[in-house]
Structures are given as C-alpha cells and as structure tokens.
Student: 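My questions will all concern the structure given below.
Order of the sequence lines sets the chain letters (A, B, ...), proteins ahead of strands, with each chain counted from 1.
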Number of protein chains: 2
Amino acid sequence: MTPAAKTKNISIVLYKPKYAGNVGSIARAAKNMGIGNIIIVGAADLNREEMERRSTHLATDVLDQIKYCDDIGEALADFQYIVGTTARLGKARGPFNSPRKIAQDLVGISRKNKVALLFGPEDTGLANNELRYCQAMVTIPSTRDFRSLNLSHAVMILCYEIFTAALPATSEAPPKWARSGEVEGMYGQIKTLLAEIGFLNPENPDYWMMHLRRFFARSGLLSREVKIIRGISRQLEWSMRHKKP
Amino acid sequence: MTPAAKTKNISIVLYKPKYAGNVGSIARAAKNMGIGNIIIVGAADLNREEMERRSTHLATDVLDQIKYCDDIGEALADFQYIVGTTARLGKARGPFNSPRKIAQDLVGISRKNKVALLFGPEDTGLANNELRYCQAMVTIPSTRDFRSLNLSHAVMILCYEIFTAALPATSEAPPKWARSGEVEGMYGQIKTLLAEIGFLNPENPDYWMMHLRRFFARSGLLSREVKIIRGISRQLEWSMRHKKP
C-alpha cells in the first residue's frame, strides 16, 4: 500500500482562509504529500486564477475537487476524528501534540476513521468556537520570537509528517561495504606504491599506513571505490616504472 | 541553549532563485525555525517589494541580512559541510538522506562546522555542477506522481526538521493522571447514583460499571476531571432527592 493510499481518509479543512494564493499553495503541498481532499469553510469567493497560479497546473485536479461549505459543523459532521492546529499555547486548550506525534497517531486512526486537519484563518488562527470540535490539538514548534507561520507552510509540515509516518519503515541502512579481503588487497597495493616512491619510512612503514587506514575506515569504502583506487594505484605504478630512466 | 543558538552555524544558500516571492516566503520560514543566514547566488535583481510582501514585516530583518554572491564556489568557500537538496534520484548522485536523518546529523556537525543547505532554481533544481560541492544529499519524500515541491516549502521542511532535531529531547509524556483512590471514589459515587435511578441491575450492578470503567480507563482521567464528574454526580443526586414527591 502506498503512503497516499494509507492516508486517503485524511482531509484538510480550511476555516475562512483569506488568500487564494495560500489555497493554491496548499493544494500543491497536499498533492505532493498524497493528500487530495480539501474542504473550505466560509470562503466561497476566492479567486480561482490566483489559486491556479500558485498550485501549478499539476495540482489543478486538487483545486477542482475542493468542497465548499458555509457552516463548520456541517463541514465536520462526517468526520470521526478532528485535529485542530494552533500556535497559541493557552493552558485551557491543551494537551498539545507535536506534528510528529499526531502524524503517527493519525496513520493508525485514519484506517477506520475519517480524519480532518482543521486550520484557521491566516491572521487569527482557530478560535475556541472552532477548537471545540477537536479531539486533539497540534502545535508546530517554532522560535519564540516569531511563531506565525505562513498557512501553506503549516499545512505542508503536517502533510509531510503524515506522509513520512505512512512510509514503510525503511531502514536508512548504510550501503553494502567492500569486503575486508578487497580492502586489505588495496592497502597492500598502496603500501607497495608508497614504499616505491619513498613516502613510507622503511623502518616503520605502517605509521603512515595507519593514518590512511583510519581515514578510509571513517568514510567507509564501497567495492566500486576499492576498484577505482586500485586502478589508480596500478596506473601510477605502471607510469612510474615506464618513465624511469 | 535554544534551538536557534544550536543551529546558528547553518545557512541557506539559494542558487539562482527565480521568484522574489519565494525568497520572501523562505525568509519567513527560516526565521520561524530560528535560521537567520541566507545567501543568494546568481540572482541579484530580485524585486525587494515582492520579497517583503511575502516575508511579512516581521522577517524583513532576515531579508536585510541576505548576502548576494555571483559565484557558487565563492559563496560556498567558507563552509565545511555542504548539503545539496534534490528531487532527482539518479543513481550516480546518491547516497540520499531523508530530511530527518540529515537534520540529526547537522545539529551535531554544525557545532564545529559552518553548514550550507544548498537549494537550486525552482524549475530545474541543482545540476551536477552544483552538486559537486556537496558532501551529502537530501531528498524530501513525496508522492511519485507529483514530486515537485514549491521552493519555500522545501526550505521549510528542512528548517523545521533541523529546528525539531535541535529541540531539547522533550518526553511527550502523558499528563499526570488521577490517583486510584480518587477514581475509585468517583466510581462508587456513580454506582450509587446509577442504582438510585434504576439504571443498574441490582443483581449484577457491576455489569454496566465495567463498561464505564473501560471507557474511562481508555480516555484516562485527570484529577480535575474526576472532581468535575463527582461534582456533577453530587448535583444530580441532590436535585433528584429534592424533586422527589
């Protein structure tokens, strides 16, 4: 199942958005993250051209599917779980969740429930009247001195967290490294080469080799890279021998 | 140390951005997430008014501090660690990191190193010529059928991940629940009330009580909530007794 299929029960509900440009940006952001359902409450007269300009033509299908509603109660009536977004941290409004925590919850909850992510107007955010409908609250972390996020940025962060939470648990495993046999073969060859050009102290050839080993160990070596280094070393040896008087 | 203080060595480098509006949005997003350094390469003639309109007046200080450069090599010369952002997943360009992984790395790396987050132009993204400078690559996950993010949204996701990674490890611990003694007192009171109104079967009064217990246990009860429920129950009992003929 794709991440988008996992989150098909999640909708974005915009309460009285003021700027058509933001709605366009939101349509694009939602589509980037596999969310296709947008409901707009109390703002039916947004300029379509401005929306399209900011959504790019690739997200106009999301604009076409926007549902418009006059009443918030009616807009939310079919949802089983409603999450309010707010920057205000009034104590009476808690408990607040981080976008990450709520995203993990929603991927599970939305399997059997229709979920609404409710966002308020650009200037004032959600008021208590709208927050009443919400079972959970989410606040996007930001610096204390400048909490006010652009509306489309706030939507993007939530959609991105949900998309990420819905991704199959990919182990961001390191790549497959070269085998020790390959690597030791390379060190042997380098050592011969460095001895030949007089870089290594014959009495303690391993002193500089240890530094080189540490460097390569730190970066890690792919099989392909070992082959490249050995190829370069071979070529160096060859040209030195053939240039010798 | 605040998250912003932890990431003061991180800069956003925009290579040939096309739209002043995007730069304005980026200034706002960066400031929201405590990042104040922006460098613009190869685009000195962006419309200031359009930038300000989108940054909001609260982020004009970030606009004032933008450094402009003609040459990418010069712009990046002082950085020790450069991260390229790309949507293209060409094999030769890997290994790719998720924003979350790179953010965790950068909070550590930026303690002793100047870090640049490099973003390409809106339409084409970074080309191999710019990616050459990068020690690491990051790709924002998105749906296969619509990978193209708005530039300011891409910047916001990276900044948000970095800010979140720099936050002190807050345990999003559940709240402090009511003590068992409080809760049992409440159940006793409810049981008496429900018996009084004939809701409970006198032969098996605990049958419905068990359902109520399960419901309350699932939601969890704060001390304050137990007091409210007990208050309501007391009031109900009182009014029933005083209304009886």
Student: When you measure from the side chain of B/N32 to the backbone of A/T143, do you find a donor-acceptor pair of N or O atoms at a distance under 3.5 Å?
Tutor: no

Student: Between chain A and each of B/T164, B/L149, B/N150, count heavy-atom pairs under 4.5 Å; write down the option with the most.
Tutor: B/L149

Student: At under 4.5 Å between heavy atoms, what parts of residues 152-163 of chain A are in contact with chain B? List them by residue number.
Tutor: A/S152, A/H153, A/M156, A/I157, A/Y160, A/E161, A/F163

Student: With chain A as the partner chain, list the residues of residues 18-29 of chain B whose heavy atoms fall under 4.5 Å from it, by residue number, and write 'none' if nothing qualifies.
Tutor: B/S25, B/R28, B/A29

Student: Report yes if the side chains of B/T56 and A/S148 come closer than 4.5 Å at any heavy-atom pair, otherwise no.
Tutor: no

Student: Of the listed residues (B/P99, B/A59, B/A4), which shares the most heavy-atom pairs with chain A below a 4.5 Å separation?
Tutor: B/P99

Student: Under a 4.5 Å heavy-atom cut-off, does chain B meet the side chain of A/R144, its backbone, both or neither?
Tutor: neither

Student: Kindly compute the distance separating CD1 (A/I140) from CE (B/M33), expressed to the nearest 0.5 Å.
Tutor: 6.5 Å

Student: Is it the case that atom CG in B/D78 sees more than 12 heavy atoms from other parts of the structure closer than 6.0 Å?
Tutor: no

Student: Examine whether an atom of A/P3 lies under 4.5 Å from a heavy atom of chain B, and if so say whether it belongs to the side chain, the backbone or both; otherwise answer neither.
Tutor: neither

Student: Got more than 12 heavy atoms from elsewhere within 6.0 Å of CZ, B/R48?
Tutor: yes

